[in-house]
Amino acid sequence: MASDMLVNYRDKAFTLLQADADKILKLIKVQMDNLTMPQCPLYEEVLDTQMFGLSREIDFAVRLGLIPEQEGKALLDTLERELSALHEAFLRK
């Protein structure tokens, strides 16, 4: 029973972290499509703040033992690659 609850908490933690990463990606897409260029200080501030917040959430989940450290790093790395690809696509417009 306890191990089932732990697995459920781990799944829930990863799902919530993934949702937060998706929100960051959507926020940046909206900003790039409608508001500002990637070199804009506002864009950079939002991205830095959001990425820092997500990294703290991941660190907290890792320290609680809800997700493995490698899984957390992989989530951040994936988001960073997606953001980089989005930035490159924007610059090619």
Side-chain angles (χ1 to χ4, degrees):
M1 176 75 176
S3 86
D4 288 342
M5 283 181 60
L6 184 57
V7 168
N8 187 36
Y9 285 134
R10 286 181 175 167
D11 290 343
K12 192 175 224 175
F14 187 79
T15 299
L16 290 171
L17 291 169
Q18 183 64 55
D20 286 349
D22 291 344
K23 284 179 192 175
I24 293 170
L25 189 59
K26 286 177 188 172
L27 175 68
I28 297 304
K29 282 181 182 178
V30 166
Q31 242 185 328
M32 291 177 100
D33 289 344
N34 300 309
L35 302 174
T36 60
M37 304 238 337
Q39 296 81 10
C40 174
L42 176 61
Y43 165 86
E44 291 176 4
E45 182 71 26
V46 168
L47 182 57
D48 288 347
T49 301
Q50 294 294 317
M51 290 297 288
F52 177 75
L54 180 62
S55 71
R56 300 311 307 148
E57 287 180 45
I58 289 171
D59 183 56
F60 184 70
V62 167
R63 288 187 294 142
L64 280 176
L66 293 174
I67 65 169
E69 185 175 357
Q70 282 305 110
E71 208 171 281
K73 285 182 180 180
L75 183 62
L76 277 177
D77 289 345
T78 299
L79 179 58
E80 287 172 358
R81 280 193 305 275
E82 289 173 348
L83 290 170
S84 179
L86 184 62
H87 184 263
E88 291 296 319
F90 182 84
L91 292 177
R92 279 185 250 135
K93 280 187 180 177

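Throughout, numbering of the chain's residues begins at 1 and tracks the sequence.
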Atom pairs and distances, donor-acceptor, side-chain atoms in residues 12-28, under 3.5 Å, two or more places apart:
| residue | atom | partner | partner atom | Å |
| --- | --- | --- | --- | --- |
| Thr15 | OG1 | Asp11 | O | 2.8 |
| Gln18 | NE2 | Asp22 | OD1 | 3.0 |

Tell me, please, which residues at least two apart from Asp59 pass side-chain hydrogen bond (donor to acceptor under 3.5 Å, both in side chains).
Arg56, Arg63
Is there a donor-acceptor pair under 3.5 Å between the side chain of Thr78 and the backbone N or O of Ala74?
yes
Partner set under side chain to side chain contact (heavy atoms under 4.5 Å, CB included) for [X], not counting sequence neighbours:
X: Lys73; result: Glu69, Gln70
X: Leu64; result: Phe60, Leu66
X: Asp48; result: none
X: Ser55; result: Phe52, Leu76

